[in-house]
Amino acid sequence: MRSVASITADVASFLDFCRIEKGLANATIESYRLDLEAFTRSLPEQGNAGDPAFVRAHVDQLYRAGMGSRSIARHITTLRNFCKFLLEKGLVASDPTATLAQPKQWQNLPKFLNRQQLNDLIQAPDLQRPEGLRDRAMLEFLYATGLRVSELCRVRVSDLERNLGFVRVVGKGNKHRIVPVGKAALGAVEAYLGNGRPVLLKRRSSPYLFVTARGTALTRQAFWKLLAVHGKKAGIFHNLTPHVLRHTFATHLLEGGADLRSVQTMLGHSDISTTQIYTHVMRSRLRNTVDQHHPRA
């Protein structure tokens, strides 16, 4: 039996496990922490955190509070990962989340830019400034590789093989992958390395490819801000995020004939089901193929 008092220590151990052994991102760990604190608060003093009835009661409470289906699904995923950890450690006899069902969700199609919008965005930075050279290189690089913004900010100069045209990426869960980089992005990076990065660093050194005027690695938050600035300059005012460029990368690849498995590998998705949000593109391409080539289409 896991009491409320003992479950607090279990949560701390689980978060350490996620941080040290699984190498999860700080944002993911913080999300786990908040979800599990809410779960612990919902338990009665003499309750058993390993009892399916108490787990079910907590999820029902989330529904009654009017929480959205996506947020509830995230809470359930957190509880499942936590209870799996307890089970593997022998702290509970069975998985109390085994009978929990994920809430039904509408699947939103990923937002992406058309080619004209993308070109306008890439042309927005001022190439007369070192920051503009950096921003152009980052936009080209993000569109060329489909990296997550956190991955983009962590790219080191040594990770990029310019002669071979690929970059080594460390993704979620400390998983490594190799992603091709196109000529346009490599050209923008060359211009930035030649005339932008040295000016920003002012003879300082940094292992990171994309740096600020202080010589530090560009942060996720800083990239969000500069993307918003360039988006407005390009006339893209709504819902422009780094993930939109990631979706644009995947969508344009599939429209060009790439297969879903290759896109999965480049995006760093561990499960093909995550990549299947792009099947609307595949269906559209199949429809066009039939229309163009079937004699009775």
Side-chain angles (χ1 to χ4, degrees), residues 19 23-31 113 117-162 165-172 174 176-179 181-237 239-249 267-268:
R19 182 181 301 106
L24 298 185
N26 290 335
T28 302
I29 294 171
E30 179 64 10
S31 175
L113 303 180
Q117 289 174 317
L118 180 73
N119 289 335
D120 291 344
L121 178 63
I122 288 175
Q123 297 297 323
D126 180 3
L127 300 187
Q128 300 303 311
R129 302 175 62 244
E131 292 87 354
L133 288 168
R134 178 200 63 201
D135 296 355
R136 167 74 67 85
M138 293 188 81
L139 292 172
E140 287 275 20
F141 204 87
L142 199 57
Y143 174 60
T145 60
L147 300 189
R148 301 175 180 93
V149 63
S150 57
E151 296 169 344
L152 178 74
C153 293
R154 291 199 304 266
V155 170
R156 295 169 179 259
V157 176
S158 60
D159 293 332
L160 180 59
E161 295 288 349
R162 285 177 277 166
F166 70 81
V167 61
R168 288 180 291 271
V169 182
V170 181
K172 287 185 175 181
N174 204 33
H176 294 244
R177 69 184 189 277
I178 292 176
V179 182
V181 184
K183 292 180 181 179
L186 289 172
V189 169
E190 289 289 350
Y192 159 65
L193 289 175
N195 300 302
R197 191 170 181 272
V199 178
L200 293 172
L201 285 176
K202 299 182 179 69
R203 296 186 179 180
R204 293 168 296 201
S205 64
S206 172
Y208 295 101
L209 180 57
F210 300 111
V211 297
T212 68
R214 297 187 304 275
T216 58
L218 202 76
T219 64
R220 294 168 61 250
Q221 294 81 0
F223 184 76
W224 274 68
K225 290 179 181 178
L226 69 86
L227 181 61
V229 170
H230 296 314
K232 288 180 181 179
K233 188 175 178 181
I236 306 168
F237 296 96
N239 301 318
L240 180 60
T241 68
H243 227 64
V244 169
L245 290 182
R246 183 167 158 86
H247 290 321
T248 302
F249 160 83
L267 290 175

When you measure from the side chain of [X] to the backbone N and O of [Y], does any donor-acceptor pair fall under 3.5 Å?
{"X": "Thr248", "Y": "Val244", "answer": "yes"}
{"X": "Arg154", "Y": "Val170", "answer": "yes"}
{"X": "Arg134", "Y": "Val211", "answer": "yes"}
{"X": "Thr145", "Y": "Phe141", "answer": "yes"}

What's the separation between atom [atom1] in [X] and atom [atom2] in [Y], rounded to the nearest 0.5 Å?
{"X": "Thr212", "Y": "Leu201", "atom1": "OG1", "atom2": "CG", "value": "8.5 Å"}
{"X": "Phe249", "Y": "Leu118", "atom1": "CZ", "atom2": "CG", "value": "12.5 Å"}
{"X": "Glu30", "Y": "Arg19", "atom1": "CD", "atom2": "CZ", "value": "9.5 Å"}
{"X": "Thr241", "Y": "Arg246", "atom1": "OG1", "atom2": "CZ", "value": "11.0 Å"}
{"X": "Arg148", "Y": "Leu267", "atom1": "CZ", "atom2": "CG", "value": "7.5 Å"}
{"X": "Asp126", "Y": "Arg136", "atom1": "CG", "atom2": "CZ", "value": "10.0 Å"}

Compare every heavy atom of [Y] with every heavy atom of [X], then report the nearest pair and how far apart it is.
{"X": "Gly196", "Y": "Leu133", "result": "N-CD1, 3.8 Å"}
{"X": "Pro125", "Y": "His230", "result": "CA-CE1, 3.7 Å"}
{"X": "Glu131", "Y": "Ala213", "result": "OE2-CB, 4.5 Å"}

Exercise. Where do Arg177 and Glu151 land on the side chain to side chain contact (heavy atoms under 4.5 Å, CB included) test, with the steps shown first?
Worked result: CA-CA 11 Å; Arg177 69 184 189 277; Glu151 296 169 344; 2.8 Å; yes
For this session: Can you tell me which residue pairs pass the side chain to side chain donor-acceptor pair (under 3.5 Å) test with a partner in residues 191-205, sequence neighbours excluded?
Result: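 Matches after skipping sequence neighbours: none remain.
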Heavy atoms, side chains only, cut-off 4.5 Å: are [X] and [Y] in contact?
{"X": "Cys153", "Y": "Phe210", "answer": "no"}
{"X": "Lys172", "Y": "Leu24", "answer": "no"}
{"X": "Leu209", "Y": "Leu193", "answer": "yes"}
{"X": "Leu226", "Y": "Leu218", "answer": "yes"}
{"X": "Leu121", "Y": "Leu245", "answer": "yes"}
{"X": "Phe223", "Y": "Leu139", "answer": "yes"}
{"X": "Leu147", "Y": "Leu142", "answer": "yes"}

Exercise. Could Glu161 and Arg168 be called an ion pair, given the rule that one side-chain N must be under 4.0 Å from one carboxylate O?
Worked result: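 A salt bridge links Glu161 with Arg168.
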Problem set entry | Other residues, nucleotides, ligands: >12 heavy atoms within 6.0 Å of Gln128 CD |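 No, not enclosed.
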For this session: List for me each residue that meets side chain to side chain donor-acceptor pair (under 3.5 Å) alongside Asp120, sequence neighbours excluded, and say none if there are none.
Result: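 Per chain and number, Asp120 pairs via side chain to side chain donor-acceptor pair (under 3.5 Å) with Gln116.
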